Amino acid sequence: MAIHEPVELNTFRHQIREFIEQHADDEILEAGRKTTSFFPPFDQVMKWHRILHSQGWSAIRWPEEYGGAGWDVPRQLIFEEECRRAGVPLLLPQSISMVGPAIIHYGTDEQKRKHLPGILSGENFWAQGYSEPNAGSDLASLNCRAVRDGDHYVINGSKTWTTYAHHANRLFLLVRTGGAGKPQQGISFFLIEDLTDPGIEIRPIIGLDGVPEQCDVFFTNVRVPVDCCLGEENDGWSVAKYLLEHERGGGTSFATTFRHELATIRRLAGRTGDGFGGFLADDPVFQDRYVRLHLEVDTLEATEEVFAAMEKGSPESGPMSSMIKITSMETIQRITELAIDVAGTPSLALQLAALTVDSGVEPIGDEDALTLMPKYLNNRAASIFGGSNEIQRNIIAKTLLR
Amino acid sequence: MSTLNQETRSMLEDSVNRFVQGEYSFDDRKRNLKEHQGQSPDHWQTFAEMGWLAIPFTEDQGGLGGDITDTLGVMKGFGRGLVTEPYLGVLAAARLLALTRAQGDGAELLAGILSGERQAVVASEEPQSRGNPLAVATRAEPDGNGFRLSGEKIAVIHSLNASHVLVSARSNGDYTDHEGIDLFLVELDSPGVDVTRYPVIDGKQGANIAFNGVAVSAAQRLTDEGEAAGVILQAHSESLLMLAAEAVGIMETLVKKTVAYTRTRKQFGVALAEFQVLQHRMAEMYIETTSLTNLLTQTAHRWTGADVHQQAILASKLKARLGQAARYVGQQAIQLHGGIGMTDELDIGHYFKRLTSIELQLGNAEWHRKRLWREHAA
Ligand SMILES: Cc1cc2nc3c(=O)[nH]c(=O)nc-3n(C[C@H](O)[C@H](O)[C@H](O)COP(=O)(O)OP(=O)(O)OC[C@H]3O[C@@H](n4cnc5c(N)ncnc54)[C@H](O)[C@@H]3O)c2cc1C
Ligand SMILES: Cc1cc2nc3c(=O)[nH]c(=O)nc-3n(C[C@H](O)[C@H](O)[C@H](O)COP(=O)(O)OP(=O)(O)OC[C@H]3O[C@@H](n4cnc5c(N)ncnc54)[C@H](O)[C@@H]3O)c2cc1C
């Protein structure tokens, strides 16, 4: 990658590298190493977010006028490569890559003034309140309801799978405000600023890996001001879809992250026996699986580049974001499969304490192998969240057959 | 050779099904994990009373006179119930004691295991062995009239009540030679035995056991000098057979539960089972599960007449095919359940984790395919 890099880009790379080396402390790096899903340990990732913000680098892909870094695509990639190289945690996507771009696109000046600075600085973290127990794939059937009452709406209903709601101090929410017509009509997009309201109850859900990451959120007569609505009342579906394109297309280069995962596996294979006296890295079966996955990642990168240059919300960008969602998530799922196949039985130990940042508990076995099983388990969700891969394939097929 | 009649076999199967249905609901299991780390003394007592611990042992040994294929009904039932007690691990230890015709302490231990009073574990896998039971780096160095054992064993299916460990060690030969391996019976609290215990993702208990110059007497060696490969291989194959039966029990359950769920869960105004892509996925889950079930049945039929080497090949075929089937069925069960399949609250994820654990134990599919290739090439 960096082999034939032009001098100015190489200088840029070294500036980034130096900054990260100077500012990413042990705790942040430990959080990077102990990240086992798309959502790194909260306190440390937000600490790193604030550090990046101090340099103006928390939302590098945003338009410069709103606080973006103003870098071209090669520089954005270099930044992400250096972050992966150093092993700092990836910033949480909900604020920066989801609600932020939606506010920039649909927000009033007042809403932008009010919400964008807190997103950039990391003072606020926004959770995503779309899914409901009975509205998963069929998101438009949601029935968490908001009824107008003077200058307020009154919200009743529930959301589920709301990632990191137990850490969030803000929530973006899809609610039903209208009645008649198609289910997509009558949905509004709310920006909820106060999660301490006694009418809001947040209950963490324990995942396959034994750790709470998602939450149930219950609303009982929660009053919010009418100006919390992003976009027009009853037109929240447009906002929601625009945001989903950003979610699915990824606010970051998955390819860069996945290469990093592959490199860890390659290192591990280099010191793991094949059971016949050799090492796995010398095994042609391992080599073939590894190279195939590397090719998948390289191809993903090509698609990501095309998508990055595309205007979001255009007729092509929707299916392309679905394609990125499918290919990226299935690639990382296969990478995590290779990972546990290489790690073998040592990855079966349940090591919740050793996985906790700052626990001081040493892992049993190879440290590189500590996270591989939780990653395998957690990544089963990658083909479910953000709209399942079946739904993404439906979207692509619909476009083909139009 | 099994001397069990059909009636006894059906009785065993019925008793397992009654136990799993009556005492091993998902909530019971959760309570057992919390209160007994998944190893309830009362359950173990039931195992003994029902005769499950005595199935593959001769009547001389105090057993029922069955063979290892007679345990497969129990293992299927344990798969359905996600039973966490270390039945397979303890039985493997007992089989080794029986196969080596252990005397003295070993004979006493075997009798104790069959009656449910004692437990033991087997330490075979090593950090670099990937489940190859004959890749042994642990050393047995002669020392006076006995030996000193040094090395590390990992991924031991651990029993919290085990008094002894059966450990393979090499007194001769190169890393993967069949010759030169010995099998020792060692008390777990012997000086120099260092046990690192941990919970496993599937609710069972695991352990890594380090042997730091552990002094053992010649009487603790269960096999003739350097001749343990045969019994170790046989016990390994038997454990693989049992694991496959457990996997079948799990996979059948996942197919059933996934079909039931997609029939009741509605999205877009219809049951999920209406979507053809999901129907095909379930058809595929069924094909994988039934293929493995059939292979298991055929393998069990061929088992009794097979020698140690042939059993190893049968076991490798089964485990290699299992890896492929279990991964597909487990992953799709979660996928078709959607978000709820990712939670600790629902049983689906726990079946998935047990399947994943089975996939990796005693050699994963890739290792067994490689072993089969070596057979073909030889
Ligand atoms: C780890 C994780 C994090 C999440 N984070 C958030 C979050 O922060 N905020 C949020 O709002 N939501 C979040 N979700 C929820 C996620 O968006 C939903 O789980 C997802 O949309 C699927 O909905 P469901 O779980 O109800 O499954 P269902 O919709 O019940 O789907 C079950 C199965 O049926 C299939 N299916 C459904 N409809 C069709 C069809 N028409 N054709 C073919 N197959 C179909 C699905 O693909 C799936 O395989 C998260 C989920 C997970 C697992
Ligand atoms: C080599 C050969 C030998 C044959 N021999 C005989 C013979 O001896 N006697 C005889 O009577 N016929 C014979 N056939 C015909 C054969 O049975 C038909 O080709 C077959 O039933 C498919 O019908 P079709 O070709 O009209 O394809 P179509 O039915 O038009 O199907 C085209 C594609 O659509 C798919 N498809 C169709 N319906 C569905 C659905 N509901 N859900 C999902 N996918 C669907 C099919 O799977 C296929 O992929 C033969 C065909 C071949 C190729």
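Convention: sequence-line order gives letters A, B, ...; per-chain numbering from 1. Bear in mind the structure is a predicted one, so any value in this text is a computation, not a measurement.
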### Greatest number of heavy atom pairs closer than 4.5 Å to chain A - which of B/A155, B/G349, B/P199, B/S129
B/P199

### Summary
When the 4.5 angstrom heavy-atom criterion is applied to A/L352 and chain B, the contacting part is neither

### Query
What residue in B/P127, B/G269, B/S357, B/G341 has the most heavy-atom pairs under 4.5 Å with chain A?
B/S357

### Task
Answer with side chain, backbone, both or neither: which region of B/Y175 has an atom nearer than 4.5 Å to a non-hydrogen atom of chain A?
side chain

### Message
side-chain contact (heavy atoms from CB on, under 4.5 Å) for A/M373 and B/L360? Distances and angles first, verdict last.
### Response
CA-CA 11 Å; A/M373 181 55 71; B/L360 298 189; 4.0 Å; yes

### Query
Side chain, backbone, both or neither: which part of A/D366 has a heavy atom under 4.5 Å from chain B?
neither

### Query
Going by heavy atoms in the side chains, are A/R271 and B/Q128 under 4.5 Å from each other?
no

### Task
Evaluate the side-chain proximity of B/I201 to A/L208: yes if any heavy-atom separation is below 4.5 Å, no if none is.
no

### Query
Tell me, do A/D274 and B/W367 make a side-chain contact under 4.5 Å, heavy atoms counted?
no

### Task
Drop me the distance from A/D209's CG to B/D344's CG, to the nearest 0.5 angstrom.
9.0 Å

### Query
Looking at A/G275 and B/T176, what are the two nearest heavy atoms and their distance?
O-CG2, 4.0 Å

### Task
Side chain from CB out, backbone as N, CA, C, O: work out which of these in A/V211 comes under 4.5 Å of a heavy atom of chain B, or both, or neither.
neither

### Message
Side chains of B/T343 and A/W161, heavy atoms from C-beta outward: is any pair under 4.5 Å?
### Response
yes

## Note on the structure
When the 4.5 angstrom heavy-atom criterion is applied to A/R393 and chain B, the contacting part is neither

### Which atoms of A/Q214 approach chain B - backbone, side chain, both or neither, heavy atom under 4.5 Å
neither

### Message
What part of B/L272 gets within 4.5 angstrom of chain A, counting heavy atoms only: side chain, backbone, both, or neither?
### Response
neither

### Message
Let's test your reading of the structure: which of A/S347, A/A140, A/A349, A/G210 forms the most heavy-atom pairs below 4.5 Å with chain B?
### Response
A/A349

#### Entry: Heavy-atom proximity to chain B below 4.5 Å, by part of A/N394
neither

## Note on the structure
Cut-off 4.5 Å, heavy atoms of chain B, and the answer for A/F286 is neither

### Query
Quick one: of B/N208, B/T356, B/L362, who has the most non-hydrogen atom pairs under 4.5 Å with chain A?
B/T356

#### Entry: Distance-only side-chain donor-acceptor flag, B/E125 / A/T345, under 3.5 Å
yes

### Task
Could you check which of B/R369, B/R281, B/H350, B/H337 has the highest count of heavy-atom pairs closer than 4.5 Å to chain A?
B/R281

### Task
Check whether any side-chain heavy atom of B/R130 lies under 4.5 Å from a side-chain heavy atom of A/F276, and answer yes or no.
no

### Query
Less than 4.5 Å apart, any side-chain heavy atom of B/R265 and any of A/N134?
yes

### Message
Please classify the contact of A/A135 with chain B as side chain, backbone, both or neither, using a heavy-atom distance under 4.5 Å.
### Response
backbone

### Task
Name the region of B/F275, side chain, backbone, both or neither, that has any atom closer than 4.5 Å to a heavy atom of chain A.
neither

### Query
What are the residues of residues 317-333 of chain B, in order of number, with any heavy atom under 4.5 angstrom from a heavy atom of chain A?
B/R327, B/Q331

### Task
Report yes if some heavy atom in the side chain of A/R380 is under 4.5 Å from a heavy atom in the side chain of B/M342; otherwise report no.
yes

### Task
Specify which of A/D341, A/V285, A/L377 makes the most heavy-atom pairs with chain B at under 4.5 Å.
A/D341

### Query
Which atoms of A/S141 come close to chain B, meaning under 4.5 Å heavy atom to heavy atom: side chain ones, backbone ones, both, or neither?
neither

#### Entry: Residue A/I205 versus chain B: region with a heavy atom under 4.5 Å
side chain

### Task
With side-chain hydrogen bond (donor to acceptor under 3.5 Å, both in side chains) as the test, would you mind laying out the steps for B/Q267 and A/S137 before giving the verdict?
CA-CA 7 Å; B/Q267 286 290 279; A/S137 295; 4.8 Å; no

### Query
Highest number of heavy-atom pairs under 4.5 Å with chain A: which of B/G339, B/G206, B/A137?
B/G339

### Task
Check whether A/I364 gets within reach of chain B through its side chain, its backbone, both or neither, counting any heavy atom under 4.5 Å.
side chain

### Task
Mind ranking B/E345, B/K370, B/Q361, B/K266 by heavy-atom pairs under 4.5 Å with chain A and telling me who comes out on top?
B/K370

### Message
If I measure from the heavy atoms of chain B, does A/F385 come under 4.5 Å with its side chain, its backbone, both, or neither?
### Response
neither

### Query
Under a 4.5 Å heavy-atom cut-off, does chain B meet the side chain of A/P133, its backbone, both or neither?
backbone

### Message
Would you say that more than 12 heavy atoms from the other residues, nucleotides or ligands in this model lie under 6.0 Å from the CZ of A/R292, or not?
### Response
no

